[in-house]
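For this chain, numbers begin at 1 and follow the sequence in order.
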Amino acid sequence: MSDKCGNCDCADKSQCVHLEEVAAGEVMGGLPMDQAFVQAPEHRAKPSVAEADGIPVIDLSPLFAADGVDVDALAAEVGRASQDWGFFVVVRHGVPEEVVARAAEAQRAFFALPPARRAAVARSEAAQMGYYASDHTQNVRDWKEAFDLVPTRHSLLPPPSAVFLTKFLSREAMEEYGEAVEELAFKLLELIARSLGLRPDRLHGFFEDHQTTFIRLNHYPPCPSPDLALGLGHHKDAGALTVLYQDAVGGLDVRRRCDGEWVRVRPIPQSFIINIGDIIQVWSNDRYESVEHRVVVNVEKERFSIPFFFYPASYTMVEPLEEVVREESPARYNPYSWGEFFSARKNGNFKKLDVDYV
C-alpha cells in the first residue's frame, strides 16, 4: 500500500501538514468540539453584548466630489475616530459593490469545497500563503478556517499558485478586489496623515514597493458551543490599517476604550470597517491607539469576512514620526524592523518560538 498522500504530491502522508487541516475541517463540520478551542472563563463572550452605537460611521463621498471640497474636516473626523475608538466604519467609499460581491462569491465557493480539497492547498513554512484551519490566538485555537493570499502587485510576498487560483478561486475577482481596496487604503492613509498635521502623502513611501500586504478569507462555521469558543481570540492588529468586509451575520466585538467593555459592531450594508494597527499607533506616538478586538461565533449561522491587512515594505523601520515628536511629547517607542517582526510572526505559525507572544 502506498504511503503517498492522496491530497497532494507529498511522498510521505505521515508527514503531510494537509492531514491536520483535513481533521480540522471535519471537526468544524459537525464533530464534537475539542478542548483546544475552549477559552479561559475570563475571555469568553457574554450571552449578550451591547451594540456599539458610538463607533463613528464616516461618509467618504467628499473625497470623490468635483467641487474641491475641504477634506480637512473629513480628516479631522477620521482623526477623532482613530483617537477615541481606534475603529470606524466607512460608507460611500468608492469600492464598487459588484467588486465586493464577486470577491465574496469566490470566497463562499472555495469554502464550500470538501475539506480534503481545501487542505490540498494548505500553507506551509515554505509557502506561507494558502489554506489553514488550525490557527491559534493567545495559545487557544480559533473556531475558523481561512485562506491567505497576496492581492497587490506591490507585494514582496509570493502569490498562491496560478493553478490554485484558476481551479478553486477566481484570480480576476480577488485581484480586482485587492486593487480597489488598496486604493481605499491609500486614501485613508492620506486622511490619517492630514489629521496628524502632515502632508497628505507623508506615509505613502512606506507602501510604494515591496509591501507585505495580504488578504485573508475567513470562514466561521456554526459552533456547537459558542459560549466556550471564539472565532478569533482577543488581539490587536500589528500592521498599519485593516480594511474589513463582513457579511450580514455579524460577530466582530471591539473593546471600548472608555470603559474596557466589549461592544458589537453592527453590520452595515456596503461598508468597510477600518481599524488602526500597531504601526500607526507607533507612528502617531500614541496619539492613535490600536484596540483589542475579537470575533464571536454562533450555533446557527456561518459567517464570512475579508480583512485586507495593509502592511508596509519589509525594510521599513517603524518608529514615531519626527513631526509628532516634541520636547513635551518625546518618542515613546524604540525603532524596530517591520520585516524582522513580520517574518518572526509568520514563522511562529509553524514552529514554537522563544517567546509566547511576538
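The CG atom of D253 sits 11.0 Å away from atom NZ of K46, with the distance rounded to the nearest 0.5 Å. Note: H136 NE2 to L232 CG = 12.5 Å, rounded to the nearest 0.5 Å. Note that the CZ atom of R102 and the CD atom of Q107 stand 15.5 Å from one another [nearest 0.5 Å]. Between atom CZ of residue F111 and atom CD of residue E145 there is a gap of 5.0 Å, rounded to the nearest 0.5 Å. Put simply, CG on N218 and OG on S305 are 4.0 Å apart, with the number rounded to the nearest 0.5 Å. The line from CE of M174 to CZ of R171 is 12.0 Å long, rounded to the nearest 0.5 Å.
The two residues P320 and V325 have their closest heavy-atom pair at CB-CG2, 3.7 Å. The minimum heavy-atom distance linking P221 with H219 is given by the pair CD-O, 3.4 Å. Residues A229 and C223 come closest through the heavy atom pair CB-SG, 4.1 Å. Here the closest non-hydrogen pair linking Y311 and G239 is CE2-CA, 3.3 Å. Shown here for P62 and L74, the closest heavy-atom pair between the two residues is CB-CD2, 4.4 Å. Here the closest heavy-atom approach between residue A185 and residue V243 is recorded as CB-CG2, 4.4 Å.
Salt-bridge formation is not detected for the pair D34/R141: no Lys NZ or Arg NE/NH1/NH2 atom is positioned less than 4.0 Å from an Asp or Glu carboxylate oxygen. The existence of a salt bridge linking K301 and D247 is excluded, since no basic side-chain nitrogen approaches an acidic carboxylate oxygen closer than 4.0 Å. A salt bridge is absent between D201 and R194; no separation between the charged side-chain nitrogens and carboxylate oxygens falls under 4.0 Å.
Looking at I306 and F308, their side chains never come closer than 4.5 Å, going by heavy atoms from C-beta outward. Residues V299 and P222 have side chains not in contact (no heavy-atom distance under 4.5 Å, counting atoms from C-beta outward). V91 is not listed as a side-chain neighbour of L60, based on a closest heavy-atom distance of 4.5 Å or more. The closest side-chain heavy-atom distance from V181 to I215 is not below 4.5 Å. Side-chain contact check for L241 versus I279: every heavy-atom pair is 4.5 Å or farther apart. In this structure, I58 and V78 have side chains that are in contact, with non-hydrogen atoms separated by less than 4.5 Å. By the 4.5 Å heavy-atom criterion applied to side chains, R80 and Q83 are not counted as neighbours. Between L228 and Q39, the closest side-chain pair of non-hydrogen atoms is not below 4.5 Å.
Enclosure of atom CD in E42 by more than 12 non-hydrogen atoms of other residues, nucleotides or ligands within 6.0 angstrom is indicated. The environment of CD in E261 is crowded: more than 12 heavy-atom neighbours from other residues, nucleotides or ligands sit within 6.0 Å. Summarising the local packing, CD of E98 is surrounded by more than 12 heavy atoms from other residues, nucleotides or ligands at distances under 6.0 Å. With a 6.0 Å radius and a threshold of 12 heavy atoms from other residues, nucleotides or ligands, R92 has its CZ atom at or below the threshold. Within 6.0 Å of CD in E105 there are 12 or fewer heavy atoms belonging to other residues, nucleotides or ligands.
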Could you walk me through whether H93 and K187 pass side-chain contact (heavy atoms from CB on, under 4.5 Å), step by step? CA-CA 10 Å; H93 40 65; K187 287 183 170 64; over 6 Å; no
Applying side chain to side chain donor-acceptor pair (under 3.5 Å), run through E182 and Q211 and close with a yes or a no. CA-CA 11 Å; E182 181 188 53; Q211 285 182 20; 3.1 Å; yes
For I192 and L198: C-alpha separation, side-chain torsions, deciding distance, then whether side-chain contact (heavy atoms from CB on, under 4.5 Å) applies. CA-CA 9 Å; I192 288 170; L198 311 173; over 6 Å; no
Using the side-chain contact (heavy atoms from CB on, under 4.5 Å) rule, take L230 and V297 through it: C-alpha gap first, then chi angles, then the decisive distance, then the call. CA-CA 6 Å; L230 288 172; V297 285; over 6 Å; no
Checking side-chain contact (heavy atoms from CB on, under 4.5 Å) for the pair V282/Y336: CA distance, chi angles, key distance, verdict? CA-CA 10 Å; V282 173; Y336 67 92; 4.3 Å; yes
Would you sort out whether E292 and R257 count as a salt bridge (Lys or Arg N to Asp or Glu O under 4.0 Å), showing the intermediate values? CA-CA 9 Å; E292 271 192 308; R257 288 189 62 190; over 6 Å; no
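Between F37 and W143, the angle of the ring planes goes over 60°, which puts this pair in the perpendicular group of the 30/60° scheme.
Between the side chain of D278 and the backbone N or O of A240, no donor-acceptor pair lies under 3.5 Å. Here the side chain of W262 pairs no donor or acceptor atom with the backbone of R294 at under 3.5 angstrom. No side-chain donor-acceptor contact under 3.5 Å links S329 to the backbone of R326. Judged purely by atom type and a 3.5 angstrom limit, D70 uses its side chain to pair as donor or acceptor with the backbone of D72. With hydrogens and angles ignored, the 3.5 Å screen pairs a side-chain donor or acceptor of S284 with a backbone N or O of Q281. Side chain of D142 to main chain of G233: a donor-acceptor pair is present (N/O by atom type, distance under 3.5 Å, no hydrogens or angles).
Annotation: F310 is in aromatic contact with F186 [ring centroid separation under 6.0 Å]. Note: F309 and F214 meet the aromatic proximity criterion, with ring centroids under 6.0 Å apart. For F272 and Y245, the gap between ring centers reaches or exceeds 6.0 Å. For H234 and H293, the ring centers sit 6.0 Å or farther from each other.
Among residues two or more places apart in sequence or in another chain, the salt bridge (charged side-chain N to carboxylate O under 4.0 Å, His left out) test is passed with E51 by R266.
In terms of hydrophobic clustering, with Ile, Leu, Val, Met, Phe, Trp and Tyr side chains grouped at heavy-atom distances under 4.5 Å, V140 and V295 are assigned to different clusters. Hydrophobic cluster membership is shared by I268 and F87, with clusters built from Ile, Leu, Val, Met, Phe, Trp and Tyr side chains linked at under 4.5 angstrom. Linking Ile, Leu, Val, Met, Phe, Trp and Tyr whenever their side-chain heavy atoms come within less than 4.5 Å puts F64 and V100 in one cluster. Residues I273 and V296 do not share a hydrophobic cluster, clusters being chains of Ile/Leu/Val/Met/Phe/Trp/Tyr side chains in contact below 4.5 Å. When hydrophobic clusters are built by joining Ile, Leu, Val, Met, Phe, Trp and Tyr residues whose side-chain heavy atoms come closer than 4.5 Å, directly or via intermediates, I280 is grouped together with V324.
Partner of L244 under the side chain to side chain contact (heavy atoms under 4.5 Å, CB included) criterion, chosen from D237, V89, L252: L252.
Side-chain contact annotation: Q246 with R303, donor-acceptor N/O pair under 3.5 Å present. Side chains of S225 and D227: no donor on one and acceptor on the other come within 3.5 Å. Defined by atom type and a distance below 3.5 Å, a donor-acceptor pair is missing between the side-chain atoms of Y220 and E302. Residues E319 and N334 bring no donor and acceptor atom of their side chains to less than 3.5 Å of each other. Between D286 and Y333, the side chains place a donor N or O and an acceptor N or O closer than 3.5 Å (distance only, hydrogens not considered). With no hydrogens or angles considered, no side-chain donor-acceptor pair links S314 and W338 at under 3.5 Å. In this structure, a donor-acceptor pair under 3.5 Å is present between the side chains of Y288 and S195.
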